[in-house]
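Here the structure comes first, spelled out in structure tokens, and everything after it is commentary.
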Amino acid sequence: VAASDGLAEPIWSPDGRYICAIRIVDSAPMLFDVEKQTWSQSVAPKACWLQRWTRDSKSFYCMEGKGEAVHRYDIATRRSQKVVSLKDYRATGNPMAVWFDVSPDGSPLILNDVGIQEIYALEWRLP
């Protein structure tokens, strides 16, 4: 893709019209319009990663910074909105291995780490 030097983690929109990627230097979200063949910086948090498109290609979600919040970027308005704070939320894995996706209804999904203290082993013995 033209002028994509310095970009990483490209993800096509489901309708094939856009590609969102991350600028390696500062993790700024970038949006490529396939029809216009142009890149633009998304008006979203400065550091935004793990982009995930909605099924209708009208928006994408991304994780802010080190997992502090989830933002939704609307393609039509070119605006970003924080949809949920993850301040006291323990996502699974480390920040680069968090499982993050979008549900069929367009809601963000993140797995919650509840720890291992809830897992027990039981052994049944008959008398």
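All residue numbers refer to positions in the sequence shown, counting from 1. These numbers come from a predicted model, not from an experiment.
The closest side-chain heavy-atom distance from Val1 to Trp39 is below 4.5 Å. Put simply, the side chain of Arg72 does not reach to within 4.5 Å of the side chain of Val70, judged on heavy atoms. No side-chain heavy atom of Met30 sits under 4.5 Å from any side-chain heavy atom of Ile19. With a 4.5 Å cut-off on side-chain heavy atoms, Thr38 and Phe32 do not count as touching. Inter-residue side-chain proximity for Leu109 and Val102 is flagged as unmet; no heavy-atom pair is nearer than 4.5 Å. Within the 4.5 Å cutoff, the side chain of Ile22 has heavy atoms near those of the Gln51 side chain.
Side-chain N or O atoms of Tyr61 include none that pairs as donor or acceptor with a backbone N or O of Val83 at under 3.5 Å. Under a 3.5 Å cut-off, the side chain of Ser80 and the backbone N or O of Tyr73 do not form any donor-acceptor pair. With hydrogens and angles disregarded, a donor-acceptor distance shorter than 3.5 Å links the side chain of Ser13 to the backbone of Tyr18.
Contact between Arg78 and Ser40 at its shortest, heavy atoms only, is NH1-OG, 4.2 Å. Nearest approach of Ile24 to Ala8, heavy atoms of both residues: CG1-CB, 3.8 Å. Taking all atoms of both residues into account, the shortest heavy-atom contact from Pro10 to Ala21 is CA-CB, 4.1 Å. Pairing each heavy atom of Leu31 with each of Cys20, the nearest pair is CD1-CB, 4.3 Å.
Applying the salt bridge (Lys or Arg N to Asp or Glu O under 4.0 Å) test to pairs two or more places apart or on separate chains, those with a residue in residues 28-39 are Arg17-Asp33, Arg17-Glu35.
Atom OG in Ser103 sits 13.5 Å away from atom CZ in Arg52 (nearest 0.5 Å). The structure places CD1 of Ile75 at 4.0 Å from CH2 of Trp53, a figure rounded to the nearest 0.5 Å.
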